Structures are given as structure tokens and as C-alpha cells.
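Since the model is a prediction, treat every value here as computed from it, not as a measurement. Each chain gets a letter, A, B and so on, in the order its sequence line appears, and its residues count up from 1. What you see below is based on every heavy atom in this structure, not just the backbone, and it leaves out hydrogens, waters and symmetry mates.
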Protein chains: 2
Amino acid sequence: MCSTKFNGKKMVNKRELLLKSADELIHAQGFQSTTLADIARHSKVPLGNIYYYFKTKADIGNAVIQLRESKLQDLLKQLDQLETPKARLKAMTETIIANKKDIVKYGCPIASLSQEAGKIEDSMIKKADSILRLLVDWAIKQFKEMGFRQNARMKGIQFVSHIEGMTVVAQALKDPVVLDCQVKALKIWLDDIKN
Amino acid sequence: MCSTKFNGKKMVNKRELLLKSADELIHAQGFQSTTLADIARHSKVPLGNIYYYFKTKADIGNAVIQLRESKLQDLLKQLDQLETPKARLKAMTETIIANKKDIVKYGCPIASLSQEAGKIEDSMIKKADSILRLLVDWAIKQFKEMGFRQNARMKGIQFVSHIEGMTVVAQALKDPVVLDCQVKALKIWLDDIKN
DNA sequence: GTCTATACGGCGATAGAC
DNA sequence: GTCTATCGCCGTATAGAC
């Protein structure tokens with residue numbers, strides 16, 4: 001059972017509510033800095049009630065990872081409807097511009113989670129970098145479709161590296177213009193590239 | 001007073017010892033996951049004694065930031081002795097290969113600290129990204145020396161982005177070969193570049 | 001299913017003997 | 001300067017009434 005009805009109007013269930021709050025807070029503050037009390041306050045769900053929906057805090061972390069992975073999958077599915085692989089890759093770079101503000105403030109939601117997860121030896125959030133892997137594999141696929149063979153992998157990794165690199169630098173420099181310029185450069189690279 | 005003597009032999013003082021432990025542990029586990037007990041155990045200094053050398057945990061964090069900044073400055077000074085700016089930039093990429101193992105395991109010590117610091121609103125570690133800024137400025141200087149004018153800044157940022165991006169991807173994919181390939185690509189980019 | 005009160009443990013920090 | 005013992009807080013998690 002996932003959603004309740006009230007006066008015939010569909011309402012978001014609390015689990016979704018909590019997850020959405022956790023997602024936002026973790027993006028802004030990181031997993032470790034985000035307390036269950038934070039999530040409770042932000043989602044207006046009482047602290048103790050969280051445990052009805054999630055067994056542990058690590059569970060919430062994993063749910064957020066899963067959420068971001070499915071968000072990425074949706075995006076990729078969307079991009080795949082474009083005709084040429086080059087158009088898809090370019091469209092991907094445009095999503096960076098669309099999320100400019102958040103990226104400069106909080107960094108890339110995929111990479112930051114992945115990096116933080118790598119530092120927690122406890123017993124949790126182990127598959128965070130599978131999200132980034134997903135992105136890399138998608139990029140490689142695009143380059144293969146463009147006619148690349150042995151070096152499609154290298155090009156795909158280069159593409160993703162470029163994206164992640166610019167977010168790191170933009171955040172450190174607190175300068176959204178960095179993203180504009182680097183996306184432009186990345187597009188030029190895509191145009192000039194030859195196999 | 002910074003170092004003590006024992007039998008005429010110079011010994012590292014405890015502050016340095018603690019700092020070195022903190023540096024290593026924070027690189028491996030992150031600042032938040034690293035407890036004072038960790039540092040005490042690793043450096044074999046009793047927990048309570050840490051407070052003789054550092055007022056708070058945040059102080060330790062800041063000292064580590066300073067340490068990494070001065071390490072970077074030393075490296076840049078070293079590279080500056082090379083004749084051409086292009087040779088300096090290439091030599092910089094080679095330091096990535098030299099630290100391959102650690103980077104794949106723990107990521108870039110500069111970027112990871114910078115990112116984690118950005119998520120801690122508390123009252124500490126505010127100037128972590130000044131280190132990355134230092135690197136960017138140095139890179140820009142190199143491109144200016146190469147004859148670039150208005151777009152030297154963009155090229156410098158692109159260079160650093162490339163470096164930081166490859167470390168993120170290499171860590172997520174847990175694949176040191178990524179670094180080999182991307183460094184190679186970066187060198188080719190430096191050779192083919194024209195102003 | 002919902003919510004309050006509270007137990008429990010860990011970590012940063014301090015007191016104070018030596 | 002060094003080190004042990006311990007305090008106090010905060011964050012996760014649980015008990016249990018409703």
C-alpha cells in the first residue's frame with residue numbers, strides 16, 4: 001500500500017514525503033550532517049514515526065541513492081529519444097546549465113553522495129557509485145553509436161569526467177559562469193571530435 | 001618551542017605527529033568520520049593530550065587544510081622550475097599517476113576536503129576551497145605564459161576540471177587505468193591546443 | 001498507523017592528578 | 001607537559017500509550 005485517499009483526493013504518502021525531504025537535505029548538507037531530527041522537521045513528520053517507514057538511517061541513505069538512480073534513468077530514457085547520440089550528449093550537458101544554481105551551491109548530487117559513501121566504512125550506502133557507473137555506461141554507448149570502437153570507453157569516461165570536474169571547480173570557486181564556459185567547451189569538443 | 005631533543009637526536013614534536021595522523025585519517029575517512037579517538041590511537045598520543053596542541057576538532061581540520069595548501073605550494077614551486085609552461089602542466093598530470101593508488105581509494109585530497117567542508121555549516125573549515133583556487137590560479141598563469149589572453153582563465157579551469165573529474169570517476173569506478181588513460185588524453189590536449 | 005518520552009552509546013571536551 | 005577519568009550533549013533508536 002503506497003498512497004492514502006482523503007476526500008477522494010490522492011495524497012502523497014509519508015514515506016515519499018520523508019524520502020523527498022531526505023533527498024533535499026542530504027544534497028544540501030551531506031548524509032552525515034543530516035540528522036533524523038532534520039528530516040522530521042523538514043517533512044513535518046514526528047521523529048519517532050520515521051522508524052515506521054525506515055528501519056535505520058542507513059536505510060534512508062540507500063533509499064535516496066535508489067531515488068537518484070531512478071531519476072537518472074528517467075533522464076537517460078528521455079535523452080534517448082533524441083535522434084543522434086551527439087544530440088543526446090549535448091542535451092545532457094544542458095541539464096547542468098538548468099541546475100546551475102544548485103550545482104554551484106551543493107555540487108553534483110551523484111558525485112557528492114558517491115564520495116561521501118566511500119568514506120563511511122560502517123555498513124551502509126555501498127552502491128552509491130553505481131549511479132555514476134550508469135552514467136558512464138550510457139555515455140560509452142553514445143560514443144559507440146557515433147562509430148567509436150576501442151576508444152569509445154575512453155571517450156565516454158572523458159565526457160563524464162569533464163562534467164564532474166566542472167561541478168567540482170564551479171562549487172569551489174562559487175562561480176556559475178564556470179559551468180557556462182565549460183559546457184560550451186564540452187560542446188565544441190563534441191563537435192570537433194573524430195574517430 | 002617546536003621540537004624536543006633526546007640524546008642529541010632531534011625528535012618530531014607531538015603536534016606534527018598528530019597533524020600527520022589527522023591528515024592521513026581525514027584523507028581516508030573524511031573529516032566527520034574521523035574521531036579524536038582515531039587520531040589518538042593512530043598517533044599513539046593519549047586522547048586528552050590532543051587538547052594541549054589543538055583547542056578543538058575544527059582546529060585540527062583547519063590545520064590539515066593549511067598543511068595541504070602548503071604541500072601544494074611546495075609542489076607548484078617545484079614545477080615552476082621547469083622551463084616551459086607546457087612542461088609544468090604535463091608534470092602536474094604526472095603527479096596524478098604517482099599517487100594513483102591513493103586517488104582511486106580515497107579521491108583527490110584537495111577536492112574531497114573542499115566538498116566536505118562545504119556541507120558543514122557549523123563554524124569551521126571555511127577556507128578549504130582556497131586550495132583548489134590556488135591550483136586554478138597557477139594553471140591560468142601557465143596558459144597566460146603560453147600566449148593565451150582572454151581565454152587563459154577558461155583553459156586553466158578546463159585543465160583543473162579535467163584533473164578533478166578524472167579522480168571522481170576513477171574513484172567511483174575503482175579503476176586506476178582510468179587515470180592512465182585520462183592523463184594521456186590530457187597531455188594530448190595540451191599538445192594539440194592552440195591559442 | 002501515529003506520536004511522545006526516553007533509553008543508550010558515542011564523541012567532543014574538561015578536570016585535575018602527576 | 002602528560003595522561004586518566006569523566007562529564008554533557010546530541011543523535012540514533014526503542015518502548016509503549018493512543
**Q** Check for a donor-acceptor pair, side chain of A:Lys144 on one end and backbone N or O of A:Arg153 on the other, with a separation under 3.5 Å.
**A** no

**Q** Side chain of A:Thr35, heavy atoms from C-beta onward: which of D:dC3, D:dT12, C:dT2 has the nearest atom to it?
**A** D:dT12

**Q** Ignoring backbone atoms, establish whether A:Lys14 has a side-chain N or O less than 4.0 Å from OP1 or OP2 of C:dC3.
**A** yes

**Q** Just how far, in rounded Å, is P of C:dG10 from CG of B:Leu47?
**A** 14 Å

**Q** Quickly work out the A:Ile60 CD1 to D:dG11 C1' distance and round it to whole Å.
**A** 12 Å

**Q** I want to verify a distance call: between D:dA13, C:dA13, C:dG1, whose nearest atom is closest to the A:Leu36 side chain?
**A** D:dA13

**Q** Any carboxylate oxygen within less than 4.0 angstrom of a Lys/Arg side-chain nitrogen, looking at A:Glu145 and A:Arg88?
**A** yes

**Q** Whole angstroms only, please: what is the NZ-P distance between A:Lys55 and D:dA13?
**A** 11 Å

**Q** With respect to the phosphate group of C:dC3, does any side-chain polar atom (N or O) of A:Tyr52 fall under 4.0 Å of OP1 or OP2?
**A** no

**Q** Would B:Lys100 and B:Asp175 pass as an ion pair if we require N to O under 4.0 Å?
**A** no

**Q** In whole angstroms, how far is the P atom of D:dT14 from the CG atom of A:Asp59?
**A** 11 Å

**Q** If every non-hydrogen atom of B:Glu116 is compared with every non-hydrogen atom of B:Gln32, which pair is closest and at what distance?
**A** OE2-N, 3.0 Å

**Q** Using whole Å, what does the distance between atom P of nucleotide C:dT6 and atom OH of A:Tyr51 come to?
**A** 18 Å

**Q** Output the rounded distance in Å from CZ (A:Phe54) to P (D:dT14).
**A** 16 Å

**Q** What is the distance, rounded to the nearest whole Å, between atom CG of B:Asn49 and atom P of C:dA13?
**A** 16 Å

**Q** According to the interplanar angle, ranging from 0 to 90°, do the rings of B:Phe148 and B:Phe143 count as parallel (below 30°), tilted (30 to 60°) or perpendicular (above 60°)?
**A** perpendicular

**Q** Assign A:Thr34 to base, sugar-phosphate, or nothing according to its heavy-atom contacts below 4.0 angstrom with the strands shown.
**A** sugar-phosphate

**Q** Take atom CZ of A:Arg15 and atom P of C:dT2, then tell me their distance rounded to the nearest Å.
**A** 14 Å

**Q** Closest to the B:Lys57 side chain: D:dT12, C:dA13, C:dT2?
**A** C:dA13

